[in-house]
Amino acid sequence: MASLLPILLLTAFLSSKPALCYINPGATPPQKIGTKSSGGRATYIVFVEPPPPLGHGDGEDDHRRWHESFLPLSELAGSDDEPRLVHSYTEAVSGFAARLTGGELDAVSKKPGFVRAIPDRTLQLMTTHTPEFLGLRKDAGLWRDSGYGKGVIVGVLDTGIDSSHPSFDDRGVPPPPARWKGSCRDTAARCNNKLIGVKSFIPGDNDTSDGVGHGTHTASTAAGNFVDGAAVNGLGVGTAAGIAPGAHIAMYRVCTVEGCTESALLGGIDEAIKDGVDVLSISLGSSFAADYDKDPLAIGAFSAVSKGIVVVCAAGNNGPAFATLSNEAPWMVTVAASSVDRRFSAPTRLGDGRVIDGEALDQASNSSGKAYPLSYSKEQAGLCEIADTGDIKGKIVLCKLEGSPPTVVDNIKRGGAAGVVLINTDLLGYTTILRDYGSDVVQVTVADGARMIEYAGSRNPVATITFKNRTVLGVRPAPTLAAFSSRGPSFLNVGILKPDIMAPGLNILAAWPSSVARTDAAAAPPSFNVISGTSMATPHVSGVAALVKSVHPDWSPAAIKSAILTTSDEVDNTGGPILDEQHNKTMLFGPFNTGAGHVNLTRAADPGLVYDIGVAEYAGFLCTLVGEYVLPIIVRNSSLQSCRDLPRVGQSHLNYPSITVELEKTPFTVNRTVTNVGPAESTYTANVTLAAEASLKLSVSPETLVFSKAGEKKTFAVTVSGRFTKAAQAVAVLEGSLRWVSPEHVVRSPVVLYIPVASAPPSPPMPAVGTRRGDNWA
């Protein structure tokens, strides 16, 4: 049983700054709230009741006229000819986005049909080997069975796309399915059978090209085509491919280099639903949890899921602190980031013969094996911000960035240093987030940095940096949890285990626009880049969802999520438990870091059993968690507008593929229902484990499930019994698992018992409306 002071669990909420961003871990982008326009106006997202049955248009026209009716006729356009109505939504939410003054918003709020308005937020923005690492092989396994994702459409909400990149060539990709309604109209993008839709939702800007690089990278990771000879500075050479290289891509540009707005994000989701995508990949995530009815992304995602679309979102890059998650809604797939078994080796030989194997993205400078004096400044605590660079000429400088801007490395090199060895910050541990610092720069882990610091204190220390453009595969242990990956528990629903799943997000090589420089490097097309973040992990799972959807087109989003979670790995490539960024043998609150485990593509399309969830059950969950008033805002289903008519579904009782219980008393029982998607005649036997804790017991009834046909459902109960004692100052987390085992399948669900303190401190205040987002992209 692990324990932690409550203040540690609450720190993230009490100290978080609101923003929505795609984050390169280590970067500190500006944070903005509110989208101002001319004349003292701001953009608001206005939720309204559905339009009356006017019958004068094709649906969209009726909605637009209904939305315009809330605005004074004289205000539909301002004197500057800037349209007041920014977006008219028909699918993602019932409402619109408009530019209004405070007085005009007050007038709008008094009109019949008005529900709520929230300020639009400016959201600051949050591979060659990973398919092989995840078990994909050409003409075999899931790639073969799914036709590489054939017939599935992956919608990506991001910064745009470099449509000319060879990752988006349509070689071997058939035309899109007839149900596809999207297009590439009003854009200069080169579309084909691979890239079948591109649209911008930036007001007044139809440019869909990618001036940031993020959208090109994530889209190619999810579903890029095969490209031979992919590499970055001669490293990682191989054939690049997305996880679902046969799937189609639709790009919805909702972000610019300055950030994203929630109104644009909702516009992209709205259009994607109408176009007919199967999967939505959203590498954005908040730094502060807000109520679901005040979170446009959660609301739009619910609408997408209710239409059968799998929505995959980033967990956030605010780790390693606990309770820092973004995108906590149970209808989303929330993705944490892991390492892969690849490193770009750059060894440094010390004068005592020891070799420290660091990494470097730029190994163009091939040293002649010459040794240089090794310089480490104790006076400056080893920091790279060296005030006097006069003493470093001709030396290899060993130092820590510790939050300093990367430009300090340039200052050291301009001071005449022969090389630079950068040590990870203590929080990063073994997570080395590679950056192209130019030549003669090596990055090392905290542990290796400590060895080098010790040696630097000896008499006349020297070092030799050797670049051999060497890419090492099969690194162990892998995967490990990336330090920046946000951790649980969920703030909005402790009874739902989040994140859901881990996927590769550290140092991911994928497509990059040829027009966007790779940090300090000059990019020659076809261009690729290595970047990190849960933004990179998200499209990996989006691609997995596309492959599973291709094999099982009739499966619901919840069933696809269940298949991915229950077939995941809980061990690394050494056979031991997945480690965190410090390589701790016992990861503190493991499931709150890794979710169900690490995605395993070799089993995801054949789970045996799935835990399915329908819209009515989600609605019942919202009734229990929040209240009936959220149904018209989030659920928007005329038959699901009264909590009296819905099942009462507590957090722990949602038919989720993991089991998390905030334990107040025993015995405590939760029910789950599984659907047989394996062989028609199947028998499963329960196998339960619980960490060593003699006072509590986990049991399942019945212990055997016998199925006689495909699609058959069986319900079982999981009961926690025995005695436990609440601690006075610490929460406790007890970990276990439930496995349903048949001769062909193992269906694993993590079990987490969360024991609160005896006298819990008051919950931290929720942020005021208008202070919501902090989305992460890298």
Side-chain angles (χ1 to χ4, degrees), residues 127-154 156 166-177 192-196 218-230 236 238-249 278-279 281 310 312 333 335 338 340-342 473 479 501-504 508-511 528 536-555 559-561 563-569 573 598-608 677-678 744-745:
T127 94
T128 55
H129 178 60
T130 50
E132 181 181 356
F133 175 65
L134 294 175
L136 292 173
R137 302 289 186 276
K138 264 194 169 183
D139 302 319
L142 185 52
W143 262 357
R144 177 198 60 211
D145 296 344
S146 67
Y148 300 91
K150 178 181 178 181
V152 176
I153 303 164
V154 179
V156 182
S167 290
F168 310 117
D169 186 89
D170 65 354
R171 183 180 64 258
V173 182
N192 51 30
N193 288 337
K194 164 60 71 175
L195 183 60
I196 61 174
T218 57
S220 67
T221 301
N225 212 334
F226 293 97
V227 180
D228 294 330
T239 299
I243 300 301
H248 310 284
I249 297 173
D278 299 297
V279 179
S281 188
V310 182
V312 186
V333 183
V335 187
S338 69
V340 298
D341 66 339
R342 175 183 62 193
L473 302 180
I501 194 77
M502 292 173 68
I508 302 304
L509 191 155
F528 292 84
M536 285 57 260
T538 299
H540 280 90
V541 176
S542 301
V544 176
L547 295 177
V548 177
K549 181 75 173 179
S550 182
V551 176
H552 304 287
D554 57 335
W555 280 13
I560 291 174
K561 178 202 281 191
I564 294 172
L565 268 58
T566 61
T567 59
S568 63
D569 288 329
N573 58 3
H598 197 271
V599 64
N600 184 322
L601 274 68
T602 63
R603 297 193 296 260
D606 184 24
V677 294
E744 294 85 13
H745 298 94

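What you see is a predicted model, and the numbers here were worked out from it, not measured in a lab.
Tyr148 places a side-chain heavy atom less than 4.5 Å from the side chain of Asp139. Between Phe226 and Asp169 there is no side-chain heavy-atom pair separated by less than 4.5 Å. Considering only heavy atoms from C-beta on, Asn193 comes within 4.5 Å of Pro176 through its side chain. Using a 4.5 Å heavy-atom threshold, the side chains of Leu601 and Ile243 count as touching. Counting heavy atoms from C-beta on, the side chains of Arg137 and Glu132 come closer than 4.5 Å. Side-chain contact between Val551 and Leu142 is present, with heavy atoms from C-beta onward closer than 4.5 Å. Within the 4.5 Å cutoff, side-chain heavy atoms of His540 are placed close to those of Leu134. Taking 4.5 Å as the limit, every side-chain heavy atom of Pro166 sits out of range of all side-chain heavy atoms of Arg171.
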Just do the side chain to side chain contact (heavy atoms under 4.5 Å, CB included) check on Val312 and Lys561 with the steps written out, would you?
CA-CA 9 Å; Val312 186; Lys561 178 202 281 191; over 6 Å; no

With side chain to side chain contact (heavy atoms under 4.5 Å, CB included) as the criterion, how do Ile501 and Ile564 come out once you've worked through the C-alpha distance, each side chain's angles and the decisive distance to 0.1 Å?
CA-CA 8 Å; Ile501 194 77; Ile564 294 172; 4.2 Å; yes

Run the numbers on Asp170 and Asn225 for side chain to side chain contact (heavy atoms under 4.5 Å, CB included), then give the verdict.
CA-CA 7 Å; Asp170 65 354; Asn225 212 334; 5.6 Å; no

Take Val544 and Leu547 through the test side chain to side chain contact (heavy atoms under 4.5 Å, CB included) and record every step on the way to the result.
CA-CA 5 Å; Val544 176; Leu547 295 177; 5.6 Å; no

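Ile249 and Ala219 get closest at one heavy-atom pair: CD1-O, 3.7 Å. Taking both residues in full, the closest heavy atoms of Thr218 and Pro539 are given as O-CB, 3.3 Å, listed atom of the first, atom of the second, then distance. Taking all atoms of both residues into account, the shortest heavy-atom contact from Lys549 to Trp555 is NZ-O, 3.5 Å. Looking at every heavy atom in both residues, Ser281 comes nearest to Ser542 through OG-OG, 2.8 Å. Across all non-hydrogen atoms, the minimal contact from Ala545 to Val310 is CB-CG1, 4.0 Å. Across all their heavy atoms, Thr602 and Gly135 have their closest contact at CG2-O, 3.8 Å.
Checked by atom type and distance alone, the side chain of Thr567 never pairs as donor or acceptor with a backbone atom of Pro607 at under 3.5 Å. In this structure, the side chain of Ser338 engages the main chain of Ala503 through a donor-acceptor pair within 3.5 Å. Panel note: side chain Asp341, backbone Leu473; no donor-acceptor pair is recorded below 3.5 Å. In terms of modelled atom types and a separation under 3.5 Å, the side chain of His552 and the main chain of Ala605 share a donor-acceptor contact. Proximity of a side-chain donor or acceptor of Lys138 to a complementary backbone N or O of Trp143 within less than 3.5 Å is not detected.
For the atom pair CZ (Arg342) and CD1 (Ile508), the distance works out to 6.5 Å, reported to the nearest 0.5 Å. Met536 contributes atom CE, which lies 11.5 Å from atom CG of Leu509 (distance to the nearest 0.5 angstrom). Between Asp145 atom CG and Asp606 atom CG the span is 9.0 Å, to the nearest 0.5 Å.
For the residue pair Ser220 and Ser167, no side-chain donor N or O sits within less than 3.5 Å of a side-chain acceptor on the partner. Checking Ser568 against Asn600 by side-chain atom types alone, no donor-acceptor pair falls below 3.5 Å.
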